[in-house]
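Working notes, structure below.
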2 protein chains.
Amino acid sequence: MDNAPLYLRIAADLEAEIASGVLKAEEKIDSERALSERLGVSRMTARQALRHLIGKGLVETRTGQGTFVSSRQIEQRLETLSGFTEEITRQGRQASSIIVSSITRRADEQTARALSLPATGMVHCLTRVRFVDGMPVALETTEIIASRAPHLLERADFRTTSLYATLTDEYGIVPTLAEQTLMAGLADANIARTLHTDPGAPVLDLTRLTRDQDGSPFEFVRSTYRGDFFVMKVDLSLGARTQA
Amino acid sequence: MDNAPLYLRIAADLEAEIASGVLKAEEKIDSERALSERLGVSRMTARQALRHLIGKGLVETRTGQGTFVSSRQIEQRLETLSGFTEEITRQGRQASSIIVSSITRRADEQTARALSLPATGMVHCLTRVRFVDGMPVALETTEIIASRAPHLLERADFRTTSLYATLTDEYGIVPTLAEQTLMAGLADANIARTLHTDPGAPVLDLTRLTRDQDGSPFEFVRSTYRGDFFVMKVDLSLGARTQA
DNA sequence: GCTCTGTAGTGGTATATACCACTCACTTTG
DNA sequence: CAAAGTGAGTGGTATATACCACTACAGAGC
């Protein structure tokens, strides 16, 4: 966070004040002009920090009045971010995996874009087949920004060791937020062979971008799950608006 | 739109070009500098128009390369209980639907079990084909406990009227919580014909059990989405339960 | 008391300018 | 021929300035 853009550092400071309770819900924040003067930055920079917090749903603006801490942070209920192993064992099943490949290499285009890496960026690339009760159910490729976790792949045996636990303990990277997308797909020959199913069988293609405690993305995951085995469950809450 | 802010008018023009197909998916848009010069506005104004389109998910930027039209996949956010129409229009697309059938009948076994109904329980059954930009993308069957909303189906034209709005206004039923499951599947002959795709094409099968403000389930929805158009997005955080 | 009306302060919009890191195609160099 | 370097173009950030519409509030006028 030291060399992050100025507006993000300002936003982070304000976010910390909100989280710590210094700034309370519905309370008025310094105006854009007051902020810029107090911090010695231009008004546009202060404004950009506030826009960032609006995007996070932490504050809201009222023209002619000011900027206020948003009141309904509690309504931002998100789904859990837990690892494959934790989720499976919680259901009383046996989780295991085998490592298909484990290398450090240049990020491909999709990965670099997702992780906001330059085209020359290096990633640790870990491809595993996931098993539940001895049955192969998913092929998963995890890519982690190499510079964030030097020599990660030599640190532990990730057939048995939790990737997230290692990241947290050894590198201080705490998985905090993630954006996950799911789409329907069909098994190709490679997937069919790996997951012991037939080409053309339904699969769930899943991608996940994981962020650390500072909001910086560090991991990009692509998984393919057997469609006849996995069901994704989500709890929804009413977001104040509706239509059907 | 005549006296709207300049950047919104520019954004609307670009949006129209994307919608009409003049600008195609993955195609490169004028750079910020080129846009500003062509339109005779400052670069920051052109940039603000583009940021607005990014917010709608219509374009994406790649530093050092340019700004590109997003692939035309439709993103449905999974974790907010917002309606199909709202989610689509938020992305600057045209949502519509046609009614396949609209009857009140005995609940089938799966529905009765989901809604905790006796075997003789009656449900209002509304089957619709959902369209986005004139293209069929989903087949959806909504079943609502008949005794909770007498004569619901005669109350309004649900091609144009929001189902949830009617439930709230006329019957005091407020959709509050829902449990949603998602699985990969294949289009059968009927689905393929309805959604203008091929049998065996990937689809997303979705079911939802919706509860009112008292926690009582009142609605059971079964939907099938075209897998090549729809992507489901979920935001995850550390600290709850759920999934897989 | 009441309404009206400035006026100061707020966020919203718009311009102009500048520098940075990055990408990519091209040229130079060995 | 391959590797290294150059430069134009791109989005990202930051500053400074200006005017607008809107809100709240104090004070004038009735």
Side-chain angles (χ1 to χ4, degrees), chain A residues 1-14 23 26-55 57-70 106-123 145 147 215-217, chain B residues 1-14 23 26-55 58-70:
Chain A
M1 199 46 108
D2 297 337
N3 47 13
L6 183 51
Y7 79 95
L8 285 180
R9 299 204 300 268
I10 296 171
D13 287 347
L14 290 171
L23 295 173
E26 291 303 321
E27 197 164 314
K28 193 163 176 292
I29 292 186
D30 278 353
S31 74
E32 293 175 354
R33 287 172 181 80
L35 247 187
S36 69
E37 194 171 350
R38 175 161 70 84
L39 300 176
V41 302
S42 75
R43 183 190 155 203
M44 289 303 284
T45 300
R47 178 178 171 80
Q48 198 171 2
L50 292 174
R51 304 306 298 192
H52 188 254
L53 293 180
I54 290 174
L58 290 174
V59 304
E60 56 191 51
T61 58
R62 297 171 206 158
T63 302
Q65 298 184 42
T67 304
F68 301 82
V69 178
S70 186
R106 289 260 294 272
D108 62 33
E109 192 189 351
Q110 185 190 11
T111 306
R113 198 180 308 157
L115 291 172
S116 300
L117 279 181
T120 58
M122 301 294 287
V123 290
I145 298 178
S147 59
S216 305
Chain B
M1 198 48 97
D2 297 338
N3 48 11
L6 182 52
Y7 80 95
L8 285 181
R9 298 205 300 269
I10 295 172
D13 287 347
L14 290 171
L23 295 173
E26 295 301 322
E27 198 164 311
K28 194 162 174 292
I29 292 186
D30 278 354
S31 74
E32 295 176 354
R33 288 171 180 82
L35 246 187
S36 70
E37 193 172 348
R38 177 161 68 85
L39 301 177
V41 302
S42 75
R43 183 187 156 203
M44 290 303 285
T45 300
R47 179 178 171 79
Q48 197 171 2
L50 291 175
R51 304 307 297 191
H52 187 253
L53 293 181
I54 290 174
L58 291 175
V59 304
E60 58 191 49
T61 58
R62 296 172 207 160
T63 302
Q65 294 179 248
T67 304
F68 300 81
V69 179
S70 296

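So that the names make sense, note that chain A is the first sequence line, chain B the second, and so on, each numbered from 1.
Two residues, A:P118 and B:L6, neighbour DNA chain C, and the one matched to the more 5' nucleotide by heavy-atom proximity is B:L6.
Listed by chain and number, the residues in a side-chain hydrogen bond (donor to acceptor under 3.5 Å, both in side chains) with B:E60 are B:R62 (sequence neighbours excluded). By the side-chain hydrogen bond (donor to acceptor under 3.5 Å, both in side chains) test, A:Q110 is found to be paired with A:R222, residues two or more places apart in sequence or in another chain being considered. For A:E27, the side chain to side chain contact (heavy atoms under 4.5 Å, CB included) criterion is met by A:L23, A:K24, not counting sequence neighbours. Evaluation of the side chain to side chain contact (heavy atoms under 4.5 Å, CB included) rule for A:A114 yields A:L209, A:F220 as partners, not counting sequence neighbours. Among residues two or more places apart in sequence or in another chain, the side chain to side chain contact (heavy atoms under 4.5 Å, CB included) test is passed with B:S31 by B:R33, B:A34. Partners of A:P5 by side chain to side chain contact (heavy atoms under 4.5 Å, CB included), not counting sequence neighbours, listed by chain and number: A:Y7, A:L8.
Residue A:E109 places its CD atom among 12 or fewer non-hydrogen atoms of other residues, nucleotides or ligands, all under 6.0 Å distant.
Taking 4.5 Å as the limit, some side-chain heavy atom of A:V123 sits within range of a side-chain heavy atom of A:L117. The shortest distance between side-chain heavy atoms of B:S36 and B:V41 falls below 4.5 Å.
Think of the region where chain B sits on DNA chain D: with heavy atoms and a 4.0 Å cut, that region ends 5' and 3' at D:dG9 to D:dA14.
Note that the CG atom of A:L53 and the OG1 atom of A:T61 stand 11.5 Å from one another [nearest 0.5 Å]. Rounded to the nearest 0.5 angstrom, A:L58 CG and A:T67 OG1 are separated by 12.5 Å. Expressed to the nearest 0.5 Å, how far CD1 of A:I145 lies from OG1 of A:T111 amounts to 10.5 Å. Atom CG in A:L14 sits 5.5 Å away from atom CG in A:L35 (nearest 0.5 Å).
If you take CZ of B:R62 and P of C:dC24, they are 10 Å apart, rounded to a whole angstrom. As a whole-Å value, the separation of A:E109 CD from C:dC22 C1' is 14 Å.
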Atom pairs under 3.5 Å, N or O on each side, protein against nucleotides 6-9 of chain C: can you list them with distances?
{"residue": "C:dG9", "atom": "N2", "partner": "A:G64", "partner atom": "O", "Å": "3.2"}

Detail all sub-3.5 Å separations between protein N/O atoms and N/O atoms belonging to nucleotides 3-5 of chain C.
none

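Within the 4.0 angstrom heavy-atom criterion, only backbone atoms of the sugar-phosphate kind lie near A:L117; the bases stay farther away.
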Q: Start with the C-alpha distance between B:L39 and B:D13, add both sets of side-chain angles, then the distance that settles side chain to side chain contact (heavy atoms under 4.5 Å, CB included), and finish with yes or no.
A: CA-CA 11 Å; B:L39 301 177; B:D13 287 347; over 6 Å; no
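Comparing the end axes of the helix from C:dG1-D:dC30 to C:dG30-D:dC1, each fitted to five base pairs by superposing C1' atoms of four pairs onto the next four, gives an inter-axis angle of 10° (nearest 10 degrees).
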Pairs of donor and acceptor atoms involving the side chains of residues 42-49 of chain B, under 3.5 Å and at least two apart or interchain, shall be tabulated with distances.
{"residue": "B:S42", "atom": "OG", "partner": "B:T45", "partner atom": "N", "Å": "3.3"}
{"residue": "B:S42", "atom": "OG", "partner": "B:T45", "partner atom": "OG1", "Å": "3.1"}
{"residue": "B:R43", "atom": "NE", "partner": "B:E32", "partner atom": "OE1", "Å": "2.9"}
{"residue": "B:R43", "atom": "NH2", "partner": "B:E32", "partner atom": "OE1", "Å": "2.9"}
{"residue": "B:R47", "atom": "NH1", "partner": "B:E32", "partner atom": "OE2", "Å": "2.9"}

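Within residues 36-44 of chain A, the residues approached by DNA chain C to less than 4.0 Å at the level of any non-hydrogen atom are A:R43, A:M44, in residue-number order.
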